[in-house]
Protein chains: 2
Amino acid sequence: MSAPTQRITIKDVAAAAGVSKGAVSIAFNNKPGLSEPTRERIFAVARDLGWAPNSSARSLSTQRTDTIGLALCRPARLLGLEPFYMEFISGIESVLAQQSCSLLLRLVSSLDEEIDLQETWWRKRQIGGSILVDFHQDDPRIEPLKRLGIPAVAVGHPDLTGGIPSVWTDDASAVAEAVRYLAALGHRRIARVGGPSGLGHSAIREQAFLTTLRELDLEPSPQVSTGFAGEEGARATRSLLLLRDRPTAIVYDNDLMAVAGLGVAAEMGVAVPDELSLLAWDDSQLCRLTHPTLSAMSHDVHGFGAEVTRELFDVIAGRAVTPRRVATPSLTPRASTAAPRGPRA
Amino acid sequence: MSAPTQRITIKDVAAAAGVSKGAVSIAFNNKPGLSEPTRERIFAVARDLGWAPNSSARSLSTQRTDTIGLALCRPARLLGLEPFYMEFISGIESVLAQQSCSLLLRLVSSLDEEIDLQETWWRKRQIGGSILVDFHQDDPRIEPLKRLGIPAVAVGHPDLTGGIPSVWTDDASAVAEAVRYLAALGHRRIARVGGPSGLGHSAIREQAFLTTLRELDLEPSPQVSTGFAGEEGARATRSLLLLRDRPTAIVYDNDLMAVAGLGVAAEMGVAVPDELSLLAWDDSQLCRLTHPTLSAMSHDVHGFGAEVTRELFDVIAGRAVTPRRVATPSLTPRASTAAPRGPRA
DNA sequence: CCGAGTTGGTTAACCGGTCCAGTCCTCAGG
DNA sequence: CCTGAGGACTGGACCGGTTAACCAACTCGG
């Protein structure tokens, strides 16, 4: 029977240091009003005793909490596959860690569930704010979350986020750049495989795609809206390649679908890039592992996550914020795009 | 100027329901001692007021917390790419959500940092327990965490976890099965691309690989220890394929490296599966997207995460636990493995 | 030598729950 | 009619911090 690990509290530290608990509190919050020797003595004692302030007690007292929430609403199998999220999360963490804050993560299966969750988190005061992703057009989260007054930052174009402070990338310009690049290579039939059109950024890209084609006087080409899963990307690619006038280039909405597209092309004996150019989105290492390597619209996802988090801290602190646009995804040409040369060129 | 959102507390609910705060507490904890009408009245009032018990106050009082910790120690870029973790996390969540608990996630860059983090989490009483992954041989986390008395469950073979309750898969048998399968197809030179040999499970697989080769009287074949990144897998594959007697089959330690290996084979003009068979580990959708599709040792990662979490709850509740072995990864043959037929067969 | 300021603390109320020790009421049994 | 048991509920101490208000002692200018 080992002695029961007696929980040590601020009182023990105070006693051991020969001061009041108030003094310990002052020391640990770096507030003025203590002499240097006393301060040091307190820290030394705390270190010896292995004490750190109980975070429940602290946040009960301060009415603040140092965790922020992130709810992801995509099927788990998919989440694992999309490099995007983990990298995004790591970006979040990078600034969270500086402030010794933590991330509360939850996977949900519907927006309604997410709304419930955010509300619960907030009501129970478990989070100080939230990061919202994957905005839909007329997103149902906007109204309830604003009503609750949860400090939140949204990832997405300001048009979509209904006044919730947002951080976004200029997808429209990026799509335009992608299409112009392919057109410059000589492609006339360019297709696009996008995410679900309910998703705001898919809609934006879809629109931008059409506009750019029109500007360039290219044929109105097929766009397929699908999920983000690789298999869906594969199916979409297959359907495009079976068209009578099949496209000579395809732009994908993420990297996973592009990898799948590459597989389909191989399976159907369509040479990449000679007969078909493929362009991925959200460049990740995955794009460099295939053969041929995948050209992509790359994007500093880590930095994106960091920026979002910084903005959230501003919101929580009550500082004024304006929508922040971060770097536009930029073209990284690799081996999967080239001038169309036709079969067996 | 909208009325400042007055925080409502248990006192307000009690007042509105015409009972004492004790009664509200009893109701919300489903404890006996209240009449059904009163109970319902309390719930109705709470719903109207949109109240949920403040979790800081609750855990301060109960000395319990309903979050568990997970620290991942791999470079962020890599984490995003490995489907394993997200799926593992989703498994954790699936049982956490049932108990309305949450997951505190943190990415760290070294084991020492993880130890610090776990210690801080525990000292501040931010977590009720922790899930530990990626055990090394003589893992430095074992001693400090046991000393602190953090309830923890480890992912890894009991031999590695130094008495910390663990959940594990029988990697040794799985490796044996993989090798036997390839041998049965007629392969004599089988290579392996593994994770860092410091990592416990890599070492176990490495050992099992050698043993099985010996049992089957196969040539002692090269094993390469590397990171888990795709690029490292690519490099390793390249070096294997440049050997004088190059292997006719390669077993990888994850799916990402196998995908990379496939790319390298294509790049070097080595036909898969005719000249080279590839076998992935931790089957994910990725394996079904390539061409040819990748054979893999598949593994219910989601269920693994769930089981680990269940065990952690047992540990936290003080229930006796024994190491739990979950299902052994099983062979899922696809198009990347076949009998060796030599070049241009 | 006095009063104002400053330095370096202490004290106690409070944050919002939980939970134990009672209190009050009802009802069965003797 | 009294007693005892059990059910329904209240009161208040307590969890471990923070913080505003207060205080003692020590400068220092006039």
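All of these numbers come straight from a predicted model, not from anything done at the bench. Convention: sequence-line order gives letters A, B, ...; per-chain numbering from 1.
A:S25 places no side-chain N or O within donor-acceptor distance of the main-chain N or O of A:K21, the cut-off being under 3.5 Å. Under the 3.5 Å distance criterion, the side-chain polar atoms of A:T67 are left unmatched by any main-chain donor or acceptor of A:S102. The main-chain N or O of A:V326 is never found under 3.5 Å from a side-chain atom of A:T169 such that the two would form a donor-acceptor pair.
To the nearest angstrom, C1' of D:dC15 lies 13 Å from CD1 of A:I10. Following rounding to the nearest Å, B:K11 (NZ) and C:dG17 (P) show an atom-to-atom distance of 10 Å. We find that CZ of A:R58 is positioned 16 Å from C1' of D:dC15, with the value rounded to whole Å. Remark: C1' of C:dG17 and CD1 of B:I8 are 14 Å apart, rounded to the nearest angstrom. If you measure from atom CZ of B:R123 to atom C1' of D:dG16, you get 16 Å, rounded to the nearest angstrom. To the nearest angstrom, P of D:dC9 lies 16 Å from NZ of B:K31. Between the CG atom of B:L60 and the P atom of D:dA13 there is a distance of 17 Å, given to the nearest Å. Between A:R7 atom CZ and D:dC14 atom P there is a gap of 18 Å when expressed in whole angstrom units.
Look at B:Q63 and you'll find a side-chain N or O under 4.0 angstrom from OP1 or OP2 of D:dG16. Between D:dC15 and A:N54, no contact under 4.0 Å exists linking OP1 or OP2 to a side-chain N or O. For the OP1/OP2 pair of C:dG16 and a distance below 4.0 Å, the side-chain nitrogens and oxygens of B:W51 include no atom meeting the criterion. The side chain of B:S25 places an N or O atom within less than 4.0 Å of a non-bridging phosphate oxygen (OP1 or OP2) of C:dT18.
For the residue pair A:S59 and A:T62, no side-chain donor N or O sits within less than 3.5 Å of a side-chain acceptor on the partner. For the 3.5 Å distance criterion, the side chains of A:N30 and A:R39 fail to qualify, holding no donor opposite an acceptor.
Remark: A:W122 CH2 to A:Q118 CD distance equals 11.0 Å, nearest 0.5 Å.
Scanning atom types as modelled, no donor and acceptor separated by under 3.5 angstrom connect the side chain of A:T9 and the base of D:dG16.
With respect to A:R324 and A:D314, a salt bridge is recorded, a charged nitrogen being found less than 4.0 Å from a carboxylate O.
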B/S/- along nucleotides 8-13 of chain C (protein heavy atoms under 4.0 Å) is BBBB--

